[in-house]
Amino acid sequence: MKRTFVYFICMVAALGGLLFGYDWVVIGGAKPFYEAYFGIADSAGDQGLAMTTALIGCMLGAMVCGSLADRMGRRKLLMVAAIVFILSAYATGAADGFGAFLVARLFGGVGIGLASGLSPMYIAEVAPADIRGRMVSLNQMMIVLGILAAQVINWLIADPMPAGITTEAIAQSWNGQSGWRWMFWMPVFPAAAFLILAFFIPESPRWIAMRAAGTKQAGPSSGPGLRQLFSRQYARLLGLGLFIAVFQQWCGTNVIFNYAQEVFHSAGYEIGDVLFNIVVTGIANVVFTVIAIYTVDRLGRKPLMLIGAGGLSLIYAVLGCCYFLHVTGVGMILLVVAAIACYAMTLGPVTWVLISEIFPDRIRGVAVATCTFALWVGSSTLTYTFPFLNRALGSYGTFWIYSAVCAVGFVFFKYGLRETKGQDLGKA
């Protein structure tokens, strides 16, 4: 297979990552507007539910991803994910009641769950070993481009809001009535492109080989694949994959995207400034993911995971001190950008590379799906608990907790992670 064609099919598969990133983060910019529209601005429980419902869908999508990918094939399931993105994006923006909004977000999460496990799996199976890390990291690059697109589009769509505006005024404004709807509708267009381009890529040759050899596997919902994965033979690999997946979320960086309003408001910024600051963080996310693409096959996976865990532990400790001392202004933005930069060039992309590499062919589908499911469980618990932690402990206490979690991750990676750079994927 020619390298140029490999790049093309990896780019198409990575469009799932673009939609994953957009749909995952768009809610952060739309948050102050749909909360005012639905009257949930003063309810921590409803706010957490609005954020977490899509993550529950992610868990459902990840739960069936391995089984469906092994039965239908990687390519067909990519098409299904594209269709789910199209329908859920329209339904979310069209919702007139909070219940309908939650249902639409749930199905959007299913699309994210499918794409988050399927795209890196497909790319890892079609990419040559010497560029596999770079190609799987390309999926993360598309995720952060999707994140940046959501942040920029939210910023451009939203009308400027005066400082001190009330929730009632926000609800009656264009932003509160229509703006947030267009924020959710925009991914319909790239999702349609994803669906069309998926017709022009081949099925994974490893999946074809497994089918021909009669090694069809089952996913995490049932079947011998799951029993085999949870056998003693794969206990160490499974424990490693689950820890890597959950740690990527519990390291805390993603609350900056999902709860940007609270993070920057605590640093002294109003709604209008928050949307611009979110764009700044998105640009940093993209720039440092590019660095990751060029370093993951050079420095290796383990050094980058150590840099990410150690660096975030230090940054969060300092950030917590600044919140405790009521520091405001540009210095806080720089610390937040530093945290995102550290995550973007290490834990963000390398987690997906490791999850797609550490398992052998015969259990990869079910193993990647199970780890992705665990990742979204971690994301759900992180996202739902942040409003409660933030109110109970303050921003400083919350980020100190994340600092401690990252310190634990550093120790685990130091002694429990082996390098997979350049390793034969089929014999992982």
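- When every heavy atom of Met183 is checked against every heavy atom of Val26, the shortest pair comes out as O-CG2, 3.3 Å.
- Glu125 CD to Ser356 OG: the interatomic distance, rounded to the nearest 0.5 Å, is 9.0 Å.
- The line from CD1 of Ile147 to CD1 of Ile340 is 9.0 Å long, rounded to the nearest 0.5 Å.
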Please output the side-chain donor-acceptor pairs of residues 80-91 that fall under 3.5 Å, not counting sequence neighbours, one pair per line with the distance.
{"unit_1": "Ser88", "atom_1": "OG", "unit_2": "Val84", "atom_2": "O", "d": "2.9"}
{"unit_1": "Ser88", "atom_1": "OG", "unit_2": "Phe85", "atom_2": "O", "d": "3.3"}

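- The backbone N or O of Lys414 sits less than 3.5 Å from a side-chain atom of Lys302, completing a donor-acceptor pair.
- Side-chain contact check for Ile40 versus Phe101: every heavy-atom pair is 4.5 Å or farther apart.
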Evaluate the salt bridge (Lys or Arg N to Asp or Glu O under 4.0 Å) criterion for residues Lys76 and Glu203: first the C-alpha distance (whole Å), next the side-chain angles of each, then the deciding distance (0.1 Å), finally the verdict.
CA-CA 8 Å; Lys76 288 182 180 178; Glu203 183 51 83; over 6 Å; no
Tyr415 and Phe410: ring pair (Phe, Tyr, Trp, His ring centres under 6.0 Å), yes or no, with the steps?
CA-CA 9 Å; Tyr415 298 103; Phe410 179 87; 8.7 Å; no
Worked verdict on Tyr122 versus Ile201 for side-chain contact (heavy atoms from CB on, under 4.5 Å):
CA-CA 11 Å; Tyr122 176 88; Ile201 63 175; 3.9 Å; yes
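- In this structure, Met142 and Phe20 have side chains that are not in contact, with every pair of non-hydrogen atoms separated by 4.5 Å or more.
- Contact annotation: the side chain of Leu118 never approaches that of Leu114 to less than 4.5 Å [non-hydrogen atoms, C-beta and beyond].
- Pro120 is not listed as a side-chain neighbour of Val368, based on a closest heavy-atom distance of 4.5 Å or more.
- For Ser313 (side chain) and Gly310 (main-chain N/O), no donor-acceptor pair under 3.5 Å exists by modelled atom type.
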Show your working on side-chain contact (heavy atoms from CB on, under 4.5 Å) between Met135 and Tyr7 and close with a plain yes or no.
CA-CA 8 Å; Met135 290 296 98; Tyr7 293 145; 3.6 Å; yes
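- Scanning both residues, Arg74 and Asp70, for their nearest heavy atoms gives NH1-OD1, 2.8 Å.
- A search for side chain to side chain donor-acceptor pair (under 3.5 Å) contacts involving Trp207 returns nothing, not counting sequence neighbours.
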Go through the steps to decide whether Tyr316 and Thr253 satisfy the test side chain to side chain donor-acceptor pair (under 3.5 Å), and finish with yes or no.
CA-CA 9 Å; Tyr316 287 153; Thr253 305; 2.7 Å; yes
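- Although no hydrogens or angles enter the test, the distance criterion places no donor-acceptor pair under 3.5 Å between the side chain of Ser379 and the main chain of Leu375.
- Crowding of Trp400 atom CH2: a count of heavy atoms from other residues, nucleotides or ligands under 6.0 Å exceeding 12.
- Using a 4.5 Å heavy-atom threshold, the side chains of Ile27 and Phe184 count as touching.
- Side-chain N or O atoms of Asn390 include one that pairs as donor or acceptor with a backbone N or O of Ser395 at under 3.5 Å.
- Side-chain contact check for Leu354 versus Leu240: every heavy-atom pair is 4.5 Å or farther apart.
- Between Ile355 and Cys371, the shortest heavy-atom contact is CG2-CB, 4.0 Å.
- Looking only at distances, no side-chain donor or acceptor of Thr295 sits under 3.5 Å from a matching main-chain atom of Arg298.
- Closest approach of Ile293 and Arg134 over heavy atoms only: CG2-CG, 3.3 Å.
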Apply side-chain contact (heavy atoms from CB on, under 4.5 Å) to Phe288 and Ile283, showing your working.
CA-CA 9 Å; Phe288 284 89; Ile283 293 172; over 6 Å; no
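- No more than 12 heavy atoms of other residues, nucleotides or ligands sit less than 6.0 Å from atom OH of Tyr294.
- Look at Arg105 and Asp23 and you find a salt bridge, because one of the NZ, NE, NH1 or NH2 atoms lies within 4.0 Å of a carboxylate O, short of that distance.
- For Ser116 (side chain) and Gly113 (main-chain N/O), a donor-acceptor pair under 3.5 Å exists by modelled atom type.
- Aromatic ring orientation, Tyr34 versus Phe38: tilted (interplanar angle from 30° to 60°).
- Applying the side chain to side chain donor-acceptor pair (under 3.5 Å) definition to pairs two or more places apart or across chains, those involving residues 181-197 are Tyr37-Arg181, Asp96-Arg181.
- Not a single donor-acceptor pair under 3.5 Å links the side chain of Thr351 to the backbone N or O of Gly348.
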Between Phe413 and Phe247, is a ring pair (Phe, Tyr, Trp, His ring centres under 6.0 Å) present by the stated rule, with each step listed?
CA-CA 11 Å; Phe413 295 136; Phe247 178 76; 5.3 Å; yes
Stepwise ring pair (Phe, Tyr, Trp, His ring centres under 6.0 Å) test for Tyr396 and Phe324:
CA-CA 5 Å; Tyr396 60 89; Phe324 183 77; 5.1 Å; yes
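- Residues forming a ring-ring contact (aromatic ring centres under 6.0 Å, His included) with Phe388 (at least two apart in sequence, or on another chain): Tyr384.
- For the atom pair Leu393 CG and Thr398 OG1, the distance stands at 5.0 Å (nearest 0.5 Å).
- By the side chain to side chain donor-acceptor pair (under 3.5 Å) test, Trp352 is found to be paired with Gln140, residues two or more places apart in sequence or in another chain being considered.
- Arg75 places a side-chain N or O within donor-acceptor distance of the main-chain N or O of Phe199, the cut-off being under 3.5 Å.
- Contact detail for Ala339 and Leu312: the closest heavy-atom pair is O-CD2, 3.3 Å.
- Below 30°, between 30° and 60°, or above 60°: for Tyr402 and Phe399 the angle between ring planes is above 60°, a perpendicular geometry.
- Between Ile291 atom CD1 and Thr346 atom OG1 the span is 11.0 Å, to the nearest 0.5 Å.
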Counting only pairs under 3.5 Å, give me each side-chain donor-acceptor contact of residues 8-19, with atom names and distances, residues two or more places apart or in other chains.
none

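- Gln249 places no side-chain N or O within 3.5 Å of a backbone atom of Val377 that could act as its donor or acceptor partner.
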Test Trp250 against Thr381 for side chain to side chain donor-acceptor pair (under 3.5 Å), laying out the working first.
CA-CA 8 Å; Trp250 281 5; Thr381 54; 3.0 Å; yes
Apply side-chain contact (heavy atoms from CB on, under 4.5 Å) to the pair Thr372 and Cys65, showing each step before the final yes or no.
CA-CA 9 Å; Thr372 304; Cys65 177; over 6 Å; no
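- In this structure, Val337 and Leu334 have side chains that are not in contact, with every pair of non-hydrogen atoms separated by 4.5 Å or more.
- Here Ile157 contributes atom CD1 and Asn175 contributes atom CG; the two are 9.5 Å apart, rounded to the nearest 0.5 Å.
- A donor-acceptor distance shorter than 3.5 angstrom exists from the side chain of Glu419 to the backbone of Arg301, with no hydrogens or angles considered.
- Using a 4.5 Å heavy-atom cutoff, the side chains of Val350 and Ile244 are not in contact.
- Summarising the geometry, atom SG belonging to Cys342 is positioned 10.0 Å from atom CG belonging to Leu304; distances are rounded to the nearest 0.5 Å.
- Considering every non-hydrogen atom in both Ala344 and Asn285, the closest pair reads CB-OD1, 3.2 Å.
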